[in-house]
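Following: one structure in structure tokens, then a few remarks.
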2 protein chains.
Amino acid sequence: MRIALLGGTGDIGEGLAVRWGRDTDHELLVGSRDPEKARAAADDYTETVAAAGGDATIKGFDNAMASDRADVVVLAVPPYHVADTVAAVADTLDDDDVVVTPAAGMKRDEEGFHYNPPGAGSVTALVRDAVPEAVPVVGAFHNLAAGRLADLDQDLGIDTLVVADDDAAAATVSRLAEEIAGLRALSAGGLANAAEVESLTPLLINVATNNDDLHDLGVRFD
Amino acid sequence: MRIALLGGTGDIGEGLAVRWGRDTDHELLVGSRDPEKARAAADDYTETVAAAGGDATIKGFDNAMASDRADVVVLAVPPYHVADTVAAVADTLDDDDVVVTPAAGMKRDEEGFHYNPPGAGSVTALVRDAVPEAVPVVGAFHNLAAGRLADLDQDLGIDTLVVADDDAAAATVSRLAEEIAGLRALSAGGLANAAEVESLTPLLINVATNNDDLHDLGVRFD
């Protein structure tokens, strides 16, 4: 399978690229607005995987080219770039592609981080509105600490929550998630349940901030 | 210590009563609008603890009497009864008492449960507004599956999140939480961070609903 990581030079893109690079045979397409940056990141991730004993196929492209070549397109961009990024690649999306959104809208004040969804109700809903209607959208990978994900020496042993209205797309993304060692995919239901999933991201940051011995937190449902 | 469980005939009150009853020597005061119901529940909980090999001191009172006698007052009532319950006991609260709120506002639609905070921003904020200013308020015990908590045969092995602006009150409640076997207390910061904590409650229900092998879910931060 070909997986595009749009905005893949950022930290969540890096984490997913090196995990899939080490743990699977999927072809990984790092996308960026700047294809030179994408190629440099792809080379960097390939070296990281090689240093961990893996042999990954990771290439860099501009976002539209990465999206065009991919079966699964991950919007690994900050929430305020989601709409622009989807607009830039919308023509490249086929009905049998799957778009994945891991972003959560947050704001920070002196107390901590707070969930701050866009007007659509969640970033996932915003993506659903922006992506062509026939292309399924899946919310996943929100609650993974990017630094831990990118550090292949760290075991995961955590869960990721999947929301989708299309069962086949949900199954594809859940399978891709569980191909990462130590990651379990759990369904949180339909896209309408995305806000509660996205709210977990600021909560994880607040818990990590307020407990000295915890950092790069994930969550396990038990 | 004396702990009042207002609305303690409900499921979260039962769970906390039998856990503290089995695992600690605290005196537990079950409160209800109907003192007869409170006494019947207290007897029932005492038997449950005895059947598990424990020896608990659990008594039943009307809510105001339970609150008046307690050092820590837990508002184990549904969110729509929180304001009424606080109003009924406000005169009994002393400055060295601690009020604990475990409730989360939720609404349900065909997709699942959704966080539905009151106008104050969170149930915790509503409680803070309703309780006399000098009495500290702590949010805790939101994310415990009541059925699992009340079943003393089930191990917990889960976390509860604590939010508070008063460090001493937070420490008291965290200590009470960790006296329950298998429960770890983690700080999620100040009361301003309560909404993200309360949002975890509908999320846990949605995850349990959508995964066949999961029920009575708790969460572990790792």
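Labels below follow one simple rule: chain letters A, B, ... track the order of the sequence lines, proteins then strands, and each chain is numbered from 1.
- Summarising the local packing, CG of B/D25 is surrounded by 12 or fewer heavy atoms from other residues, nucleotides or ligands at distances under 6.0 Å.
- Within a 6.0 Å radius of CG in B/D109, more than 12 heavy atoms belonging to other residues, nucleotides or ligands are found.
- For B/A195, no part sits under 4.5 Å from any heavy atom of chain A, backbone or side chain.
- For the options B/N193, B/L217, B/V219, heavy-atom pairs under 4.5 Å to chain A are most numerous at B/N193.
- Looking only at distances, no side-chain donor or acceptor of A/D222 sits under 3.5 Å from a matching main-chain atom of B/G218.
- If you take CZ on B/F221 and CG on A/N143, they are separated by 10.0 Å, rounding to the nearest 0.5 Å.
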A/V207 vs B/E196, test: side chain to side chain contact (heavy atoms under 4.5 Å, CB included). Steps then yes/no.
CA-CA 11 Å; A/V207 174; B/E196 286 73 27; over 6 Å; no
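- Of the two parts of A/D165, only the side chain, counted from C-beta on, holds a non-hydrogen atom closer than 4.5 Å to a non-hydrogen atom of chain B.
- Contacts with chain A were tallied for B/A192, B/G190, B/G112; B/A192 has the most, counting heavy-atom pairs under 4.5 Å.
- A/E111 has its side chain out of reach of B/V163: every pair of non-hydrogen atoms, C-beta onward, lies at least 4.5 Å apart.
- A 4.5 Å side-chain heavy-atom check between A/L203 and B/L161 finds at least one atom pair inside the cut-off.
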